[in-house]
Amino acid sequence: MTDSKVNPAARAALEWLASVAPDPDACRREWERNPHGVALLPAGKRWDVLILPAELGYPTLEVLNRLVDRPGPVLAGFGDARLGFFVPPGTVADWIGTGVRGAGSGAWIVVPYPGRTGGGVRWLVPPDGSGTLTDPPLLELAMREAAAGIAGDGDGGVDGAGGRSVGSGGRRAVES
């Protein structure tokens with residue numbers, strides 16, 4: 001798939017994503033040549049990524065979709081075991097969470113070509129190229145609501161032991 005065949009929204013997303021690569025042209029070539037349509041991009045420049053286990057991530061995304069017209073980009077990893085929510089840079093440094101991983105400054109993430117549907121990593125909410133990211137307090141609220149729903153379903157909570165999401169003095173946390 002060449003850039004000339006990409007729709008305008010996907011082209012804007014491609015440019016936004018590739019802009020963080022050390023060599024944006026090489027990034028575009030990697031997307032073209034990689035059979036899975038993925039490239040490695042550095043986190044911490046235009047975004048961080050909070051990575052949730054699917055058991056919490058999918059319900060969190062459902063809540064976000066009820067709260068806002070369009071959340072920031074969201075990735076599903078290989079096997080859909082984890083979801084990655086794109087949040088503003090620096091968020092990972094202030095986020096503490098049981099079972100919540102973060103990719104911030106110094107980390108690299110596997111990112112699929114915008115608009116491509118194949119491959120093991122896929123967009124659940126593709127970037128639109130505008131730089132829209134999920135607001136961390138809103139993500140925390142969605143995680144709390146999702147965790148409460150999971151606990152209410154009787155499966156023992158987020159981590160199987162009654163875990164819940166809580167705020168902690170301006171820092172984000174998920175505690176057991």
Side-chain angles (χ1 to χ4, degrees), residues 1-54 56-58 60-61 63-65 67-97 100-143 170-172:
M1 179 182 291
T2 62
D3 285 355
S4 63
K5 296 179 184 176
V6 177
N7 70 50
R11 184 184 324 274
L14 176 121
E15 294 304 322
W16 180 72
L17 289 166
S19 71
V20 302
D23 181 345
D25 291 331
C27 175
R28 288 185 204 90
R29 285 191 302 274
E30 178 66 18
W31 267 320
E32 292 293 324
R33 294 179 182 148
N34 184 307
H36 298 291
V38 297
L40 282 174
L41 292 177
K45 291 185 177 184
R46 288 191 183 236
W47 62 78
D48 284 357
V49 181
L50 287 174
I51 305 164
L52 282 61
L56 178 60
Y58 279 103
T60 297
L61 181 55
V63 172
L64 279 174
N65 282 326
L67 296 174
V68 295
D69 289 335
R70 188 176 195 287
V74 180
L75 287 173
F78 291 97
D80 287 349
R82 297 196 170 273
L83 273 64
F85 293 81
F86 280 49
V87 293
T91 299
V92 166
D94 291 334
W95 199 286
I96 302 168
V100 177
R101 296 179 184 173
S105 184
W108 292 76
I109 60 168
V110 175
V111 178
Y113 189 94
R116 188 172 286 169
T117 57
V121 177
R122 62 191 175 93
W123 292 108
L124 296 177
V125 179
D128 61 8
S130 71
T132 299
L133 301 168
T134 297
D135 179 56
L138 187 63
L139 179 59
E140 181 181 16
L141 175 68
M143 288 173 64
R171 295 178 62 108
R172 311 291 174 241

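All of these numbers come straight from a predicted model, not from anything done at the bench.
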What closest approach, in Å, do Gly131 and Trp16 show between heavy atoms, and which atom pair accounts for it? CA-NE1, 3.3 Å
Closest contact, heavy atoms only, Pro114 versus Ala10: CB-O, 3.8 Å
Please determine whether side-chain contact (heavy atoms from CB on, under 4.5 Å) holds for the pair Tyr58 and Leu124, giving the CA-CA distance in whole Å, both sets of side-chain angles, and the decisive distance to 0.1 Å. CA-CA 10 Å; Tyr58 279 103; Leu124 296 177; 3.7 Å; yes
Would you name the heavy atoms of Ile109 and Ala103 that are closest together and state the gap between them? CG2-CB, 3.6 Å
Non-hydrogen atoms of Ala21 and Cys27 that approach each other most closely: CB-CB, 3.7 Å
Mind checking whether Asp135 and Leu139 have side chains closer than 4.5 Å, heavy atoms only? no
How many angstroms lie between CZ in Phe85 and CG in Leu50, if you round to the nearest 0.5 Å? 9.0 Å
Might you work through the side-chain contact (heavy atoms from CB on, under 4.5 Å) test for Val111 and Leu40, ending with a clear yes or no? CA-CA 6 Å; Val111 178; Leu40 282 174; over 6 Å; no
If the test is side chain to side chain contact (heavy atoms under 4.5 Å, CB included), which one of Val87, Thr91, Leu17 qualifies with Trp47? Leu17
Under the salt bridge (charged side-chain N to carboxylate O under 4.0 Å, His left out) test, which residues partner Asp25, sequence neighbours left out? Arg28
Given the rule in the side-chain contact (heavy atoms from CB on, under 4.5 Å) test, do Val100 and Met143 qualify, once you have shown the distances and angles that lead to the verdict? CA-CA 11 Å; Val100 177; Met143 288 173 64; 3.8 Å; yes
Can you find a pair of side-chain heavy atoms, one from Arg122 and one from Pro112, that are under 4.5 Å apart? no
Tell me if the centroids of the rings in Trp123 and Phe86 come within less than 6.0 Å of each other. yes
Under a 4.5 Å cut-off applied to non-hydrogen side-chain atoms, are Val121 and Phe78 in contact? yes
Min side-chain heavy-atom separation Arg46-Ser19 under 4.5 Å: yes
Do Ile51 and Leu83 make a side-chain contact, defined as non-hydrogen atoms from C-beta onward lying under 4.5 Å apart? no
Which pair of heavy atoms, one from Ala54 and one from Asp80, lies closest together, and at what distance? CB-O, 3.1 Å
Under 3.5 Å, sequence neighbours excluded: what are the donor-acceptor pairs made by side chains of residues 68-75?
| from | atom 1 | to | atom 2 | distance (Å) |
| --- | --- | --- | --- | --- |
| Arg70 | NH1 | Pro126 | O | 3.3 |
| Arg70 | NH2 | Pro126 | O | 2.2 |

Check for a donor-acceptor pair, side chain of Asn34 on one end and backbone N or O of Glu30 on the other, with a separation under 3.5 Å. no
